[in-house]
Structures are given as C-alpha cells and as structure tokens.
2 protein chains.
Amino acid sequence: MQYSVVIADDHLLIAEAIKAVINQFPDYRVLYQVANGMLLTEQFAKQPRPDIVLLDINMPVMNGFETAAWLTKHYPHIKILALSMRDDEKTLIRMLRNGAKGYLLKNTRPDDLHHALDELVQQGFYYPDWIARKMLQGMFAGDSPPEEKATALNDREILFLEYAATELTYKEIAEKMYCSHRTVEGYRDTLFIKLGIKTRVGLVMYALKEGITKI
Amino acid sequence: MQYSVVIADDHLLIAEAIKAVINQFPDYRVLYQVANGMLLTEQFAKQPRPDIVLLDINMPVMNGFETAAWLTKHYPHIKILALSMRDDEKTLIRMLRNGAKGYLLKNTRPDDLHHALDELVQQGFYYPDWIARKMLQGMFAGDSPPEEKATALNDREILFLEYAATELTYKEIAEKMYCSHRTVEGYRDTLFIKLGIKTRVGLVMYALKEGITKI
DNA sequence: GGAAGAAACCGTGTAAACACCGGTCTTTAC
DNA sequence: GTAAAGACCGGTGTTTACACGGTTTCTTCC
C-alpha cells in the first residue's frame, strides 16, 4: 500500500527536490505539485486527491493558512503537513488551529520527513516534543473552532501597525488616523503589553511576521 | 567524468532534497553539504574540495556574500552557483561581484539546475537572459575592476543593519560591535544618506527588503 | 442602574533617536 | 608627499519615543 502525497510550494526547485526525496521512500508517492493554494483547489477539481498534502506556509495568491482552512473544510480526511522556514510559535499554532496535523521545519533531516509521514498515516498526526512543549506553554486551549485568543488585535491597532512600519512619526500617524497623538501612543503601549515588546522596531517586526505589512 | 558539488544551505531538508535532485544527474555527484559558510571553510580544510559550490545566500553565521568572497579569494577555480529565494537585483549583482558564476532562483525547474551546472562547467559561467538584462539596465559596467556606485555598503554597515532590526538601542548595538555608540550613530547617518531615509524604521525595512535580515 | 471594562484622551519626565558641527588617523591615489 | 577618502570618535541641541500616572465617556452586562 502506497500513500499519495501532493506538494504545495511556490519554490519549484524545492518542491521538485522534496518530491525526489519522498519518491525515494517506498511507501509514498508524489502525485503532483502546485505552486499555491489556488492552484491546489483547481487541481483537486480535476485530478485525484491525495492522502497527504505537504503545505508550504509562505505562498502567494493563497497562502498556507487559507489553504489549510479550505482543506479542512472541504476534505477533512486529508492529512495536512505544514512546511515552514521559520520556527515561529504563532505560525505553528495558527496552522494547527487551521487543521494541520503536523508541522515540519525545512531545516529538518529527510529521515524526519519520513518519520513524520509515517506518524501521520499511523497516528493521524505528527506532534514532536517541541510542538507539544510550545502548545503547553502557549495559549492553546480548545481544538475545534479556529478562533483567535491572546493576540486579538482590533482594527485600529492593526491600522496603527501598518503605519508603524513606515517612517511616519506617531504625530503624523495620528493625523492619518484622525485622532490625538496621545491616543496613538496608547495603541502603541497596549500593543507593547499584548505582544511583549518594548520598541517600535519590535512593532515593525511583528507586523511583518504576521503579514499585516508586507515588504 | 563526473563533477563534484558541495551544497551550502542552512535548510537541511532543502539541501538534502537538492542533493537528491543533483544525484539524479549522471554527470554530477554531491560530495557533502554544510549549513553555513563557516562550516564550509572548515570542511574545505579536511575534506576534498568540489568543482562547484551551490551557495544559498541567506545563511546564518557566514552568509552567501561573505562565503562567496572567501571562496573567490582562496579557491578562485571553484565555480560558485548562487541560490536565492527572491528575485532581487541588488542581491544578484552583489553575488556576481563577489565571484558567483551563476545565479539561480529556488523556484526554477530542476532542468534549469541541470542546464546551469552544464553551462558552468562548459562555459565557466551561467548567465541566463534575465541576468544579462538586469546587468545592462543596472549599474553593472565592466567585469574585473570592482567599481562601487549607488548602494555599496561595507561589512560594518551591514552588520549594523542586522542589529538595527532588533529591539537593541544604539548604545547596546555599540557594545555588541565593540565600538563607540557615536560610531554606530555614524553608521546610521551615512546609511540615512546612502539610502535616502530618515528613521530607524526605514533601516529595518531596507534590511528586510535586501535580505540582510530575515523575518 | 451600578459595576466593569474598554476606548479615547491627557500631563510629566526621562531616555533614545536624530541633526549638525567638529576632530584624528589610516589608507589609497596621483 | 600631498590630496582625497573613509573609518572612527566626540559635543551639543532638538525632536521623538517610551514609562508611569491619571481622567472622561461610552458600552455591556447582570
């Protein structure tokens, strides 16, 4: 019995390379690859669907989060293994909440990939120790409804974050947001507390990590 | 006759995967892989040296730029093929200036990789059309005399940029860079002029755009 | 209808960031 | 040998960013 895999990654070389690795495993076979989530939905309509989807998080058009949500909604039996460049707790949790059954960093060894695939089909999930640790120390509570919790930012704060990642001063941001500059500094202070940071550079890095602002 | 290849990439899975792809080419063989430039210099001391080095640009400890410069200095006969995530003109030019004989985006097809390797050993370089176009429209004139122009940042400035994208103050950055905090502010001021920006947030955005700092 | 909480606002003080001025020393170029 | 250029360091003053302390107004909820 061979399990089928589909790879979604916009880096063709990487996708092709991972395909080569997987096809070396006797019990797994790569059906096809796509460059983003949108193409995945299209291929699902006209091609056979796999047992497992290897999902890159940073994709254009339809990213890993959206794709994972779409998959769990339409094909809940298909196992999602998230692939990420970064060891980022928030990204991890967000993917798990959106239905990913496993999370793999791209700097893991091929054996780990094989092992993750095996766990996925046997146990139904692949949660190595470090993921369990992150979930415990993290704000992971329920499991069914994909809902935000600790880092719930309102619209004003998100708008402020966009401006924070520019060369505007807080006073200039206040003019654009039609409020007092002390209010803007209030947004900043609550974000400092919520996000556990201390400087404007921290705000910028957060906004970029979360995709609120793009480079 | 087989040509030997060494892969330098901090993403183990990707490195291993690319290795699998290359080992499918009958005329190329991967000797070993390393996770950063520093390890490459170490392995060069005790292991056989390859004909070709596949060099990822975004690596920790010793990045692609530094590694390329080191390679051209100590082993000028070894061909460097740069691997990058982003299609960025400045990065491309900087790598070519540091001695890379070719530049490949990670979203190219495996055939292109094979073709690039062939060109590399036959022609000595691999410059596809789009690179030539970039070089023409860019500020790249001759090939031998390294003439700097618009945005030529030195090592100290680049190191400073990495620290600028953290929550450290300039004083703390100065401690890490073993110099006066006024010197650090000097780096900042010259970068403000060179890059046409006015604030630290501008520095952060620049560093991220150029891949000097990763998210 | 009063408690609880959030959102907007404000004052004050300190630390950091930025602007503009100056200098020495070394390297490179002619 | 001198001029030019660049790396490093310094002083001074203004503006911005951040910390800590508040008030008022408006929901929301029981």
Side-chain angles (χ1 to χ4, degrees), chain A residues 147-208 212-213, chain B residues 65-66 69 73 94 97 139 141-142 144-208 212-213:
Chain A
E147 194 54 45
E148 306 300 307
K149 262 191 78 176
T151 44
L153 310 186
N154 61 42
D155 293 346
R156 297 289 284 174
E157 286 167 343
I158 287 172
L159 181 60
F160 162 69
L161 270 178
E162 290 177 33
Y163 285 123
T166 67
E167 293 205 302
L168 297 172
T169 67
Y170 291 137
K171 205 181 291 185
E172 290 164 338
I173 293 173
E175 289 169 15
K176 288 195 175 285
M177 290 182 70
Y178 304 107
C179 65
S180 158
H181 81 98
R182 322 248 61 259
T183 303
V184 166
E185 297 193 344
Y187 296 148
R188 177 201 59 193
D189 292 339
T190 58
L191 283 174
F192 280 174
I193 294 169
K194 280 186 182 177
L195 309 177
I197 55 182
K198 299 192 310 289
T199 68
R200 180 157 172 180
V201 174
L203 291 178
V204 175
M205 300 304 283
Y206 177 84
L208 288 165
I212 292 167
T213 302
Chain B
F65 302 116
E66 298 169 281
K73 186 178 173 190
R94 198 165 155 213
R97 289 190 159 279
M139 63 229 87
S144 32
E147 195 184 349
E148 307 300 308
K149 266 191 84 177
T151 42
L153 309 187
N154 62 40
D155 292 346
R156 295 289 284 173
E157 286 166 343
I158 287 170
L159 181 60
F160 162 68
L161 271 178
E162 291 177 32
Y163 285 123
T166 66
E167 294 204 301
L168 297 172
T169 68
Y170 291 137
K171 204 180 291 183
E172 289 165 339
I173 292 173
E175 288 168 18
K176 288 196 174 285
M177 290 181 71
Y178 303 108
C179 66
S180 159
H181 80 100
R182 325 251 55 257
T183 304
V184 166
E185 297 192 344
Y187 297 148
R188 177 200 60 191
D189 293 339
T190 57
L191 284 174
F192 280 174
I193 294 168
K194 281 184 182 177
L195 308 178
I197 53 181
K198 301 193 308 291
T199 67
R200 180 158 173 181
V201 174
L203 291 178
V204 173
M205 299 304 282
Y206 177 84
L208 288 165
I212 293 166
T213 302

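Within every chain, numbering begins at 1; the chains are lettered A, B, ... in the order of the sequence lines, protein sequences first and strands thereafter.
Scored by the side chain to side chain contact (heavy atoms under 4.5 Å, CB included) test, B:Glu162 finds B:Ile158, B:Leu159, B:Ile212, B:Thr213 as partners (sequence neighbours excluded). For B:Thr190, the side chain to side chain donor-acceptor pair (under 3.5 Å) partners are B:Glu157, not counting sequence neighbours.
Residues A:Cys179 and A:Val184 approach most closely at SG-CG2, 3.8 Å, considering heavy atoms. The heavy-atom pair separating B:Leu191 from B:Ile197 by the smallest distance is O-CG1, 4.4 Å. Counting all heavy atoms, side chain and backbone alike, A:Glu167 lies closest to B:Lys198 at OE2-N, 2.9 Å. The two residues A:Val201 and B:Ala164 make their nearest non-hydrogen contact at CG1-O, 3.7 Å.
Note: CG (B:Leu195) to P (C:dC18) measures 13 Å, nearest angstrom. C:dA7 atom P lies 15 Å from atom CZ of A:Phe160, rounded to whole Å. Note: CD (A:Glu172) to P (C:dA17) measures 18 Å, nearest angstrom. Counting to the nearest Å, the C1' atom of D:dC8 and the CG atom of B:Leu159 are 15 Å from each other. Taking atom NE2 of B:His181 as the reference point, atom C1' of D:dT12 lies 12 Å away to the nearest angstrom. Between B:Leu191 atom CG and C:dA19 atom C1' there is a gap of 16 Å when expressed in whole angstrom units. Atom P of nucleotide D:dA19 and atom CD1 of A:Ile197 are separated by 10 Å, given to the nearest angstrom. The separation between A:Tyr187 atom OH and C:dC10 atom P is 12 Å, rounded to whole Å.
Geometrically, A:Arg200 engages A:Tyr170 in a cation-pi contact, judged by NZ or CZ lying under 6.0 Å from the ring centre and within 45° of the ring axis.
The shortest side-chain heavy-atom distance between A:Thr169 and A:Ile173 does not fall under the 4.5 Å cut-off. In this structure the side chain of A:Glu172 never reaches within 4.5 angstrom of the side chain of A:Tyr163, judged on heavy atoms.
Across all strands, B:Tyr178 comes closer than 4.0 Å to no nucleic acid atom at all (heavy-atom distances).
The side chain of B:Ser180 contributes no N or O atom lying less than 4.0 Å from OP1 or OP2 of D:dC8.
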Below 3.5 Å between N/O atoms, which protein atoms pair up with nucleotides 14-18 of chain D? Just atom names and distances, please.
from	atom 1	to	atom 2	distance (Å)
D:dA17	OP1	A:Arg200	NH1	2.9
D:dA17	OP2	A:Tyr170	N	3.1
D:dC18	OP1	A:Arg200	N	2.7
D:dC18	OP2	A:Tyr170	OH	2.4

Taking only N/O atoms, report every protein-nucleotides 26-28 of chain C pair under 3.5 Å with atom names and distance.
none

Would you list the protein and nucleotides 25-28 of chain D atom pairs, both N or O, that sit under 3.5 Å from each other?
none

| request: Determine, stepwise, if the pair B:Met205 / A:Leu208 fulfils side chain to side chain contact (heavy atoms under 4.5 Å, CB included). | output: CA-CA 10 Å; B:Met205 299 304 282; A:Leu208 288 165; 4.1 Å; yes
| query | Between B:Tyr187 and B:Leu161, is a side chain to side chain contact (heavy atoms under 4.5 Å, CB included) present by the stated rule, with each step listed? | reply | CA-CA 9 Å; B:Tyr187 297 148; B:Leu161 271 178; over 6 Å; no
| request: Evaluate the side chain to side chain contact (heavy atoms under 4.5 Å, CB included) criterion for residues A:Phe192 and A:Arg188: first the C-alpha distance (whole Å), next the side-chain angles of each, then the deciding distance (0.1 Å), finally the verdict. | output: CA-CA 6 Å; A:Phe192 280 174; A:Arg188 177 201 59 193; 3.4 Å; yes
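A distance of 11.0 Å separates OG of B:Ser180 from CD of B:Glu175, quoted to the nearest 0.5 Å.
One end of the helix from C:dG1-D:dC30 to C:dC30-D:dG1 points its axis 40° away from the other end's axis, with each axis taken from 5 pairs and the angle rounded to 10°.
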